[in-house]
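All remarks here apply to the structure that follows.
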Amino acid sequence: MNFWHGSMIKLQLFRKQIHRKVLALLLRLLVCIITVTSCSEEIDLYSESDKLTAIYCLLNNNDSVQYLRISSQYTIIGNGKVIKPDSIDLTVKGDFIAYLSETSRSGEQVSHHFTPSFSIKKDTGWFPTEALQVYETRCTITPNTIYSLYVLFPKEKRMIFAKTVSFGGGVLVFDPAMVPGRKLNLFPGEDFYLRYEPLKNAAIYQATAKFLYDDIRDGIAERKELVLTLPLKFGDQTDIDFISQRISGDRFLRDVAREIAMDTSVKRRPVGFNFHISVGGEELALEIKKDLDAASFSSADYSSFKNAAGIFSSLSHKWIETIPLSKFTIDSLALSSLTRGLGFLTYDEINKLDSIK
Amino acid sequence: MKAAFYLMMGLLLMVYGCDPGGFGNTDVIIDKYKDLGTLDINFIYKIQGIPEDRIRKVDLSLAYTSDSLYHGLFFTSKNVSDEQSLYRFYLPPGTYYYQATIICLCQSDSCLWSKFPGGQFGLRMDGGKIEVKKGLATAVSTQFH
């Protein structure tokens, strides 16, 4: 009897254990089903959102008129390279007031209101020309002054704002200098150094050198140019006397040989060099750095405005026109192994040509 | 222990073995100039009676003979700058003649009184004979009397 009773208790305990195990298994199964089914819903990464206003305004030291470009930007769902933007989507609708405010050293504020501009010929291309909203204001930039840009949307009770400090002055170039008789030497073993003064509040410098030459066909000369772009220079380098950028004589001949096509029907006459230096403010430097860093996957989105996209910064240009070439530069173009097939005239041939005229 | 020793030796060979001339490729540069001498020209001027910024450098050229120098037949020339005074040439050993030219930009008679022929835009030249020796540096300073 005792044996029977003992067996019954054992059986009941075994049943309870089985019960618990089945319950635990069912519970696990339920958790799995919930986890799997709850993630089956697709997440929409691209959804309709409000358009973002994009503003571009670069204060130009060299100009008495300042320009502002305003447009809308939005997310394209699908292949953005195929879907052509519509002017309706890019245009900023509704009334807005845009003005530039200049704060003098005494704290006084002077405002310059923007009005629609029709003086700039609009580019053709991918973006619809009618969507390019360009505005202008008559304002000569005072050096080393705080400028604020305001774009006010009264109906939406929204204001876009950004601030920048203008450059300390214009670009001062030391070399090349326009000195009577001084000529530019650029041949193997002789490099040229472009030297210019760093500007206060500037952060990016881009210099280009243009090699000018004439293509002479049947006695008629046609001016041509070869652009040599020098590397970008970054940084507020006001602690140094000048920024120096090297143009290699060897590299120049290699570039000429690579870029200028051989043509037996033309004679070529070297004319000289033009230089162009563009200087940008800190905001522009950050924007360009952002684009350069994009390749390294460490890009940070940059905008001068908190509630809009775009740039409000300063820009200045300096041009140095037609620096003549030395006899050695001319002869190396005509006689060097790299460029002698391009039809460049020697120094003596040019002199002969000029004496006939 | 032995393996660690050989590993260390291998690493040391890899780091130092291929650079007998020191850091980088200085041996290539040394090779390029080993048969040449150096000529350093200190292109300076001090002209009395004219502000420093009204006198500018025009040219610094080298000729093989005094006759070529006289006729302006130079074999090389440097890019001159008012921000730089020292100019270096690497040349095969031998005798050379240099010519340094400055221009006066002052208006009125200032240039004429400072011996610039023709007054404004007048040129003054300094020239000289120099010996360049293999592996040595020759230094010369311009003098405008």
Side-chain angles (χ1 to χ4, degrees), chain A residues 171-198 209 211 228 230 237 240-253 270 272-273 275 277 320 323-333 335-336 346-348 351, chain B residues 28-29 32-33 35-36 38-39 41 43 45 50 52-64 68-69 71-92 98-107 111 116-125:
Chain A
V171 186
L172 180 64
V173 179
F174 301 115
D175 290 310
M178 292 299 267
V179 175
R182 196 187 283 184
K183 289 177 177 173
L184 195 140
N185 289 295
L186 211 53
F187 50 84
E190 183 60 19
D191 304 333
F192 177 76
Y193 287 86
L194 176 69
R195 294 182 177 105
Y196 49 94
E197 194 180 42
F211 165 55
L228 309 168
L230 276 71
Q237 299 165 308
I240 56 168
D241 289 339
F242 52 75
I243 295 170
S244 181
Q245 289 198 271
R246 185 172 75 103
I247 302 173
S248 153
D250 297 82
R251 176 75 191 269
F252 167 61
L253 287 185
F273 263 93
F275 292 88
I277 300 162
I320 302 117
I323 300 293
L325 301 173
S326 74
K327 174 186 185 297
F328 305 103
T329 313
I330 293 170
D331 282 348
S332 69
L333 278 165
L335 307 169
S336 86
T346 62
Y347 186 76
D348 292 335
N351 279 345
Chain B
V28 179
I29 298 165
K32 196 178 161 186
Y33 298 117
D35 294 327
L36 306 177
T38 310
L39 169 62
I41 298 179
F43 192 165
Y45 50 84
I50 310 253
E52 216 169 282
D53 64 330
R54 302 313 290 156
I55 293 179
R56 310 296 287 271
K57 289 171 192 165
V58 173
D59 181 44
L60 178 64
S61 301
L62 295 182
Y64 288 119
S68 319
L69 180 83
H71 287 103
L73 299 169
F74 303 103
F75 69 88
T76 193
S77 186
K78 280 271 171 202
N79 282 311
V80 288
S81 166
D82 300 300
E83 306 303 315
Q84 183 188 343
S85 60
L86 194 71
Y87 298 88
R88 176 164 284 179
F89 296 86
Y90 292 100
L91 300 160
Y98 77 90
Q99 181 180 282
T101 311
I102 53 171
I103 191 169
C104 180
L105 303 175
C106 267
Q107 291 182 338
C111 297
F116 281 91
Q120 195 188 21
F121 303 128
L123 302 168
R124 276 178 67 175
M125 285 134 185

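Lettering of chains follows the sequences in order, A, B, ..., and the numbering in each one begins at 1.
Taken to the nearest 0.5 Å, the CZ atom of Phe75(B) stands 12.5 Å off from the NZ atom of Lys327(A). Within the model, atoms CZ of Phe174(A) and CD of Gln84(B) stand 13.5 Å from one another, a figure rounded to the nearest 0.5 Å.
For Phe187(A), the part lying near chain B is the side chain, with the backbone staying farther off; criterion is any non-hydrogen pair under 4.5 Å. Residue Phe328(A) touches chain B through its side chain alone, counting heavy-atom pairs closer than 4.5 Å. Of the two parts of Asp59(B), neither the backbone nor the side chain holds a non-hydrogen atom closer than 4.5 Å to a non-hydrogen atom of chain A. Only the backbone of Asp191(A) has a heavy atom closer than 4.5 Å to any heavy atom of chain B. With a 4.5 angstrom heavy-atom cutoff, Thr76(B) touches chain A via backbone and side-chain atoms both.
When all heavy atoms of Val179(A) and Val58(B) are compared, the closest pair comes out as CG1-CG2, 4.2 Å. Looking at every heavy atom in both residues, Ser77(B) comes nearest to Asn185(A) through OG-ND2, 3.5 Å. Nearest approach of Asn79(B) to Lys183(A), heavy atoms of both residues: OD1-O, 3.9 Å. Of all the heavy atoms in Glu83(B) and Arg195(A), the pair that sits closest is CB-CD, 4.4 Å. Across all non-hydrogen atoms, the minimal contact from Arg182(A) to Ser81(B) is NH1-CA, 4.2 Å.
By the side-chain hydrogen bond (donor to acceptor under 3.5 Å, both in side chains) test, Asp250(A) is found to be paired with no residue, residues two or more places apart in sequence or in another chain being considered.
Within residues 118-125 of chain B, the residues approaching chain A closer than 4.5 Å by heavy atoms are, in numerical order, Phe121(B).
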